[in-house]
Amino acid sequence: GEDVEQSLFLSVREGDSSVINCTYTDSSSTYLYWYKQEPGAGLQLLTYIFSNMDMKQDQRLTVLLNKKDKHLSLRIADTQTGDSAIYFCAESIALKTIFGAGTRLFVKA
Amino acid sequence: EAEVAQSPRYKITEKSQAVAFWCDPISGHATLYWYRQILGQGPELLVQFQDESVVDDSQLPKDRFSAERLKGVDSTLKIQPAELGDSAMYLCASSSGAAQYFGPGTRLTVL
C-alpha cells in the first residue's frame, strides 16, 4: 500500500545542519517532494526530485534519495530560526500525491 | 509571483449548517486539488479536477460534500450539513506539471 513515514520532531541549534528523514513504501513513485508549512498557512513547495535522481541541491537545501531503501532526506545547511516549521515529505504515484504526517523542526537560538 | 487564492481564510459555523469554500488556482493550471488537513496530520486528497472534469473523488464524502469547477478555472467546495468532525484546514492546490502549489487554506471550525 501507499504510506509515507516521518519522525515527528527534530530540534537543532541555529547555525547547525538539520536532516529530516522520510521513508515511503511504493517503489513506483515518480516524484518525491518536500514542503514547508508555517503555523496557520498553506504548504510551500521547497524542492522536488525525480525518482531516477539520487541527489538535488538548491542553495541551503540538499535532497538525497536512496531508491533501494525507499528513503528520502532533506538537509538544511546553516539552519536559521526562520526555518522553524513543519516539513512534509510526499510522493507522487500515478495521479495521486501521498503526504507524510510532517516533521516539526524547532530551531534554538 | 502567481499564487493560489482561497476564501474565506477562517470560517466558524454551527453543525448542520452549510458552508462553502472558494479557490482560484494559478492562471493556466489545468489541475486543481482540494485537500483536508486535520491538525497534526498531512493533507489528504478530497477531490482532483482536470479542467472541469473530476479525476478522483474517491475520498470525498459525497453524502455531504460536493465540489465543482464549472468553467475549468475557479472551484467551490461545499459541505452540507457540516458536522463536528469536519473541523479542519481545507487546502486548495493547483499544478501544470510535477509540482503542486498550495493556497493559504481555509480553517473551518464547526461548533
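First the proteins, then the strands, lettered A, B, ... as listed; each starts at 1. Just so it is clear, the structure is predicted and the values come from calculations on it, not from any experiment.
- For B:I12, the CD1 atom is loosely surrounded, since the number of other residues' heavy atoms within 6.0 Å does not exceed 12.
- For B:Q59, the CD atom sits in a loose shell: 12 or fewer heavy atoms of surrounding residues, nucleotides or ligands are nearer than 6.0 Å.
- For A:Y33 against B:A99, the heavy-atom pair with the smallest separation is CE2-CA, 4.0 Å.
- Residue contact with chain A, scored on non-hydrogen atoms closer than 4.5 Å, involves the side chain of B:V55 exclusively.
- When all heavy atoms are compared, the tightest approach of B:G42 to A:F99 is CA-CB, 4.4 Å.
- Here OG1 of A:T97 is found 13.5 Å from CD of B:E44. Values are rounded to the nearest 0.5 Å.
- Around atom NZ of B:K62, more than 12 heavy atoms belonging to other residues, nucleotides or ligands sit under 6.0 Å away.
- Shown here is B:L39, whose CG atom has no more than 12 heavy atoms of other residues, nucleotides or ligands within 6.0 Å.
- Proximity to chain B is limited to the side chain of A:Y35, based on heavy atoms less than 4.5 angstrom apart.
- The hydrophobic clustering, which links ILVMFWY residues whose side-chain heavy atoms are closer than 4.5 Å, places B:F49 and B:V73 apart.
- The shortest non-hydrogen separation linking A:L43 to B:P43 is CD2-CG, 3.9 Å.
- In this structure, chain A has no heavy atom under 4.5 Å from any part of B:L45.
- With a 6.0 Å radius and a threshold of 12 heavy atoms from other residues, nucleotides or ligands, B:K11 has its NZ atom at or below the threshold.
- A:L95 is not listed as a side-chain neighbour of B:Q50, based on a closest heavy-atom distance of 4.5 Å or more.
- Residue contact with chain A, scored on non-hydrogen atoms closer than 4.5 Å, involves the side chain of B:Q37 exclusively.
- Contact annotation for A:Q37: only side-chain heavy atoms (C-beta onward) come within less than 4.5 Å of a heavy atom of chain B.
- Of the two parts of A:L45, only the side chain, counted from C-beta on, holds a non-hydrogen atom closer than 4.5 Å to a non-hydrogen atom of chain B.
- Only the side chain of B:Q48 comes within less than 4.5 Å of a heavy atom in chain A; its backbone stays farther off.
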